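Notes to accompany the following structure.
Predicted model only: the values in this text are computed from it and were never measured. In the text below, chain A, chain B and the rest are named by the order of the sequence lines, each starting its count at 1.
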Amino acid sequence: MRRAPRTVAEKKRIAEVVLVALQQEYPDAHCELDHRNAFELLCATILSAQCTDVRVNMVTPALFAAYPDAAALANAKQEDVEEIVRTTGFFRSKAKNLIAMAGALMDNHNGEVPRTIDELVALAGVGRKTANVILGNAFDINEGIVVDTHVQRLSRRFGLTREADAVAIERALMPLFPRDKWALLSHLLIWHGRRVCDARKPRCGECVVRDICPSAE
DNA sequence: ATCCCGAGGG
DNA sequence: CCCTCTGGAT
């Protein structure tokens with residue numbers, strides 16, 4: 001096992017190698033939540049909490065067919081939404097949040113999805129992680145870095161941070177990567193986390209950055 | 001810190 | 001069985 005990076009320069013070196021290698025490995029890395037617009041991405045991302053994107057994609061076609069926009073979703077019956085999103089887990093909270101979120105879009109944003117962190121985070125079921133997903137993927141605004149379970153795990157394994165808190169990890173990552181790569185970075189780490197750097201049993205033998213990884217075996 | 005909650009893998 | 005999956009609200 002290699003020693004963990006200590007200085008900022010060492011961390012930047014690892015960050016650069018990771019970015020280059022993973023871009024090479026996953027040239028098609030992108031958001032895997034199916035959506036056609038910001039509203040759909042917002043709904044899908046709310047549903048993605050503690051749930052695989054594959055499963056979210058199984059329920060969103062029915063959700064978007066029944067409720068194509070904020071106006072429709074705002075007037076939905078919670079029971080009906082619960083039935084559609086049930087298999088994503090936390091279905092009562094998610095259904096309630098989706099309807100409340102749509103109501104807020106109608107009341108405060110003319111039915112549109114807002115484009116600032118503060119306005120997004122004020123919506124039901126939307127935290128900083130979800131807000132960053134919307135800004136980065138629907139609006140191409142690199143205001144922050146999406147720190148989900150994969151980004152958190154890989155950042156720590158690479159030795160880029162020892163923090164456990166998502167916001168602290170986001171602050172640690174920002175100076176290590178070019179701002180215009182922030183959205184891409186999250187997708188690369190998520191793709192690599194799903195395919196190789198698994199939470200339980202990472203497949204270091206198949207990892208393209210094992211040479212610079214302090215956690216490689 | 002705890003709750004919300006379902007599904008799939010090992 | 002236990003852990004994990006693009007978390008958020010209390």
Whole angstrom value for the distance that separates P of B:dG9 from CZ of A:Arg195:
16 Å
A:Leu98 atom CG is separated from B:dC4 atom P, nearest whole Å, by 19 Å
Please compare A:Lys94 and A:Met58 by the position of their nearest nucleotide in DNA chain B and report the one closer to 5'.
A:Lys94
Is A:Arg128 salt-bridged to A:Glu170, going by a charged N under 4.0 Å from an acidic O?
yes
For residues 85-114 of chain A, which residue pairs qualify under side-chain hydrogen bond (donor to acceptor under 3.5 Å, both in side chains), counting only residues two or more places apart or in two chains?
none
List in chain and number order the residues that pass side-chain contact (heavy atoms from CB on, under 4.5 Å) with A:Arg6, two or more places apart in sequence or in another chain; answer none if no residue qualifies.
A:Arg3, A:Glu10
Separation of atom CZ in A:Arg55 from atom P in B:dC5, rounded to whole Å
17 Å
What about A:Phe158 and A:Val146, same hydrophobic cluster or not, with Ile/Leu/Val/Met/Phe/Trp/Tyr joined at side-chain heavy-atom distances under 4.5 Å?
no
Please report the interatomic distance CG(A:Leu33) to NE2(A:His30), rounded to the nearest 0.5 Å.
9.5 Å
Between CG on residue A:Leu154 and CH2 on residue A:Trp191, distance to nearest 0.5 Å:
15.0 Å
Using the C1' atom as the point on both nucleotides, what is the distance between C:dT6 and B:dG10, in whole Å?
22 Å
Each nucleotide in nucleotides 3-10 of chain C should get exactly one letter: B, S or -. Can you fill that in based on protein heavy atoms under 4.0 Å?
BSBBBSS-
Only counting residues at least two apart or in another chain, list the ones meeting side-chain contact (heavy atoms from CB on, under 4.5 Å) with A:Ala62.
A:Ile84
Which residues share a side-chain contact (heavy atoms from CB on, under 4.5 Å) with A:Arg194, sequence neighbours left out:
A:Glu32, A:Asp53, A:Val54, A:His150, A:Ile190
Residue-level proximity of residues 157-175 of chain A to DNA chain C when a heavy atom falls under 4.0 Å
none
